[in-house]
2 protein chains.
Amino acid sequence: MTAKSMTRAAFFVLTALADQPRHGYGILREVDDLSDGEVQLRVGTLYGVLDRLTADGLIVLDREEIQQGRLRRYYRLTDDGVAALDTEAERMAAGAGAARRRIAEGRRAATRPAPQGPAGLEPSSAPGLAGGYA
Amino acid sequence: MTAKSMTRAAFFVLTALADQPRHGYGILREVDDLSDGEVQLRVGTLYGVLDRLTADGLIVLDREEIQQGRLRRYYRLTDDGVAALDTEAERMAAGAGAARRRIAEGRRAATRPAPQGPAGLEPSSAPGLAGGYA
DNA sequence: TCGATATATATCGGCTCTCGATATATCCTG
DNA sequence: CAGGATATATCGAGAGCCGATATATATCGA
């Protein structure tokens, strides 16, 4: 939809890896933590994302450890990964800001007594109740 | 992935409608405008999104006009739509902030001389070059 | 006048992504 | 010993987005 902005899952995986290398299951827990439980990255989503990010060169396999009999496969961000995450964060902040500004604009329009003068883009044949939400 | 956060396309449609009612093609242009050309909402995406948002009660058909022989179908946000957009904007701002903070943390870790003391979560058997991006 | 471009609607097939279920295996706790 | 946490991974189903396509009118330049 956008030029080439990443998926939500990819964004949160990169965010989880931004401070230090982590393994799959650790990413799952970290995403949950850093979002105060709001974002639940699913296991079924994780490995596909990890593969895609690796293929795109945004993350790399850092190392493999065996802790208490269980394999841990650690990933870390590449420079491209950091840059991509930074860009995406900027886009999101910009989008959030735009949305909030426009909501405020909408409220002002709904409050405004009666758009009499050069009312901008409104078609002069505007029917119904001017402005205001349903 | 998240509890029930909307899609990117839905977010931008709601944002485009936040200040005033618009018709389909107008939404397309407005999304392009408000994102400085960064977000290209496609025609093939639009009508599905419009239907879904209507079904979810986040937008409603405001009115229909015939301007210069062409039908224009205007949509506007409902109160639920405004609330949903506001919530989503908050989530996005939070996500963007978290990403940026963590990138900064990662850079500090990469710069830090040598993590000697109680190094937090790092496994004590940490091999390889501590921290740092590839 | 003819063709291209802009405006304006809408659908469809294909592809990608996410989810839930499932599978396997170890360790810890009750 | 059972259940839950840790840890990996795959698969099918469903949802969503894109590109192509279709239809129709208005405008503008060649």
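Note on naming: letters A, B, ... go to the chains in the order of the sequence lines (proteins, then strands), and numbering restarts at 1 for each one. All values derive from a computational prediction rather than experimental measurement.
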Legend entry - Phosphate OP1/OP2 of C:dT18 contacted by A:Arg42 side-chain N/O (<4.0 Å): no
Inset, instruction - Specify the residue among B:Gly48 and B:His23 whose closest nucleotide of DNA chain C lies further upstream toward the 5′ end. - result: B:His23
Legend entry - Interatomic distance, A:Leu71 CG vs C:dC27 C1' [rounded to whole Å]: 15 Å
Inset, instruction - Indicate whether OP1 or OP2 belonging to D:dC17 is found under 4.0 Å from a side-chain N or O atom of B:Arg52. - result: yes
Legend entry - N/O (side chain, A:Tyr47) to phosphate O (OP1/OP2, D:dT8) under 4.0 Å: yes
Inset, instruction - Return the nearest nucleotide to the side chain of B:Tyr25; candidates are C:dT7, D:dA26, D:dA7. - result: C:dT7
Legend entry - B:Arg70 vs D:dT25: side-chain N/O to OP1/OP2 distance below 4.0 Å: no
Legend entry - Whole angstrom value for the distance that separates C1' of C:dA8 from CD1 of B:Ile27: 12 Å
Legend entry - B:Ile103 side, atom CD1; A:Asp86 side, atom CG - distance, nearest 0.5 Å: 4.5 Å
Legend entry - Distance, rounded to the nearest Å, where B:Met6 contributes CE and D:dA15 contributes P: 18 Å
Legend entry - Taking every non-hydrogen atom, the tightest pair across A:Asp80 and A:Gly57: CB-O, 3.8 Å
Inset, instruction - Quick one: label A:Gly44 by what it contacts on the DNA or RNA (base, sugar-phosphate, nothing), any heavy atom closer than 4.0 Å. - result: base
Legend entry - Spacing of B:Ile66 atom CD1 relative to D:dA24 atom C1', expressed in whole Å: 13 Å
Inset, instruction - Could you work out which one of C:dC27, C:dT18, D:dT6 sits closest to the side chain of A:Arg72? - result: D:dT6
Legend entry - Phosphate OP1/OP2 of D:dA7 contacted by A:Arg29 side-chain N/O (<4.0 Å): yes
Legend entry - Interatomic distance, B:Gln67 CD vs D:dT27 P [rounded to whole Å]: 12 Å
Inset, instruction - Report yes if a side-chain nitrogen or oxygen of A:Thr7 is closer than 4.0 Å to either non-bridging phosphate oxygen (OP1 or OP2) of C:dT18; otherwise report no. - result: yes
Inset, instruction - Please determine if B:Arg91 and B:Glu88 form a salt bridge, counting it only when a charged side-chain N lies under 4.0 Å from a carboxylate O. - result: yes
Inset, instruction - Would you mind telling me which of D:dT8, D:dC17, C:dT18 lies closest to the side-chain atoms of B:Val49? - result: D:dC17
Legend entry - Between C:dA6 (P) and B:Asp33 (CG): distance, integer Å: 14 Å
Legend entry - Nearest-0.5 Å distance that lies between atom CG in A:Asp56 and atom CE in A:Met6: 9.0 Å
Inset, instruction - Quickly work out the B:Leu28 CG to D:dC17 P distance and round it to whole Å. - result: 13 Å
Inset, instruction - Supply the atom-to-atom distance B:Ile59 CD1 to B:Leu14 CG, rounded to the nearest 0.5 angstrom. - result: 7.0 Å
Inset, instruction - Find the partner of D:dC28: check Watson-Crick (N1-N3 plus N6-O4 or O6-N4) and G-U wobble (N1-O2, O6-N3) distances, both under 3.5 Å, and reply none if neither fits. - result: C:dG3
Inset, instruction - Just call it for B:Val43: base, sugar-phosphate, or nothing, with non-hydrogen atoms closer than 4.0 Å on any strand. - result: base
Legend entry - Interatomic distance, B:Arg8 CZ vs C:dT16 P [rounded to whole Å]: 17 Å
Inset, instruction - Establish, from distance only, whether the side-chain atoms of A:Arg76 and A:Tyr74 form a donor-acceptor pair under 3.5 Å. - result: no
